[in-house]
Amino acid sequence: MKYIPYGRHYIDSDDIKEVTKVLRSDWITQGPKIEEFEEKLAHYCGAKYAVVVSSGTAALHIACLVAGIKPGEEVITTPVTFVASANCILYCGGKPVFADIQEDTANIDPEEIRKKITKKTKAIIPVHYAGQPCDLKEIQEIAKRHNLTVIEDAAHALGAEYKGSKIGSCKYSDMTIFSFHPLKSITTGEGGAILTNSKEYYEKLIMFRQHGVTKDRTKFKFNNDANWYYEMHYLGYNYRLTDIQCALGLSQLRKLDKFIKRRRQIAQIYNKELSKLDGIELPVGKKGVKSARHLYTIRIKGNKRRKIFEALRKRGIGVHLHYIPVYLQPYYQQLGYRKGACPVAENYYNRAITLPLYPKMRDKDVKSVVRILSNTL
Ligand SMILES: *Cc1c(COP(=O)(O)O)cnc(C)c1O
């Protein structure tokens, strides 16, 4: 029996050709493909600037640094996400504050954000769960009122749309981050990006990506015109993405719309076929948004989730669980976070199952997931 994974990258011969070209060229890192990928990505999303980095996690880290998150400051995020969305706050010495999710979309609830704001709140990191955009307009209004920075964690949402604009346009936020991990919309192996419309953020992000160093004379603090001279202004990192990876990214970006279209088709088949079954709840789509359909997560009614999950795995269906609420992790418990803090998120965790969904998945794979699931209910 063939194993159907929950997600899978899509690499074709064009991707391989583009990567090989770079391997034969003069530059395998820090060459022309980096800016080319950044320009195309910014253009696709409708933002002024893009900075590509070595991972989505690196993107979150330097976005938080550039936002000026300092020890003792609070940043509000969702518990229903990958740990990286909150860890980036800890990297800066900040305190993650978890706001509960909406029952229907599993996205962060603006009402809950409002309740969590204190004098120490500095930023909000909303996550577009499963690829469905959050209530960005409401979040932006809260941020404006309290002078907060908004960093969208759009690791799931490259290709998604909110009120007619692409996620990544930063129309409702200060910065947006993407991940190019193989399971996300497009891949560079490992990789990520930060998009912004702020020149100031852009210039700082470029420096934080590369040791906090600049060669731009107009920025020098000391007076030295030797042509070997450079200056370090921040404690930056080596978070660069290579030309090899950017060539792959460029080639993948050309297929992005095709990938998203296929993801939406698969979700539609699931919606149609699964609506005939009792005992499950389907993901809820919001008006005014278009999901990138990174995940298709259903909820099991009653207490049968574990039994169904295990039965599906046993029959070769690579189901998954998104997510264990971040603050339930031992590391966060040891920091003092407690069970019960976000009841809607915990209830979601107790009932969710993510079904397979990836562009290469065939209709007959989707049908066999549906058939096997209906047999386990
Ligand atoms: C994948 C993911 C990240 C981290 O991205 P990496 O590229 O793996 O570092 C961050 N946030 C969310 C919500 C993710 O799904």
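All figures in this text were calculated on a predicted structure; none of them were measured in a lab. Indexing begins at 1, ligand by ligand and atom by atom, following the structure's order.
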**OP:** Look at atom 12 (C) of ligand 1 and say which protein heavy atom is nearest, naming residue and atom and giving the distance to 0.1 Å.
**Re:** Ala155 CB, 3.4 Å

**OP:** Please name the pair of heavy atoms, one in Ala352 and one in Leu321, separated by the smallest distance, quoted to 0.1 Å.
**Re:** O-CG, 3.9 Å

Original post:
Looking at ligand 1, does Ser85 have a heavy atom less than 4.0 Å from it?
Top reply: yes

**OP:** Counting heavy atoms only, name the option from His322, Glu190, Lys184 that's nearest to atom 3 (C) of ligand 1.
**Re:** Lys184

Subject >> Pair His128 + Tyr162: ring centers closer than 6.0 Å >> reply: no

Original post:
Below 4.0 Å from any atom of ligand 1, is there a heavy atom belonging to Ala58?
Top reply: no

Subject >> Any N or O of Leu60 closer than 3.5 Å to N or O of ligand 1 >> reply: no

**OP:** Look at atom 11 (N) of ligand 1 and say which protein heavy atom is nearest, naming residue and atom and giving the distance to 0.1 Å.
**Re:** Asp153 OD2, 2.8 Å

Subject >> atom 9 (O) of ligand 1 - nearest protein heavy atom and its distance >> reply: Thr57 OG1, 2.5 Å

Original post:
Are the aromatic rings of His181 and Phe82 close, with centres under 6.0 Å apart?
Top reply: no

Original post:
Between Tyr10 and Phe259, what is the ring plane arrangement, given parallel below 30°, perpendicular above 60°, and tilted in between?
Top reply: tilted

Original post:
Is there a donor-acceptor contact under 3.5 Å linking the side chains of Thr105 and Gln132?
Top reply: no

Original post:
Taking N or O atoms only and a 3.5 Å limit, does His181 qualify as a polar contact for ligand 1?
Top reply: no

**OP:** Quick one: look at Phe178 and ligand 1, take heavy-atom pairs under 4.0 Å, and tell me if it's side chain, backbone, both or neither.
**Re:** neither

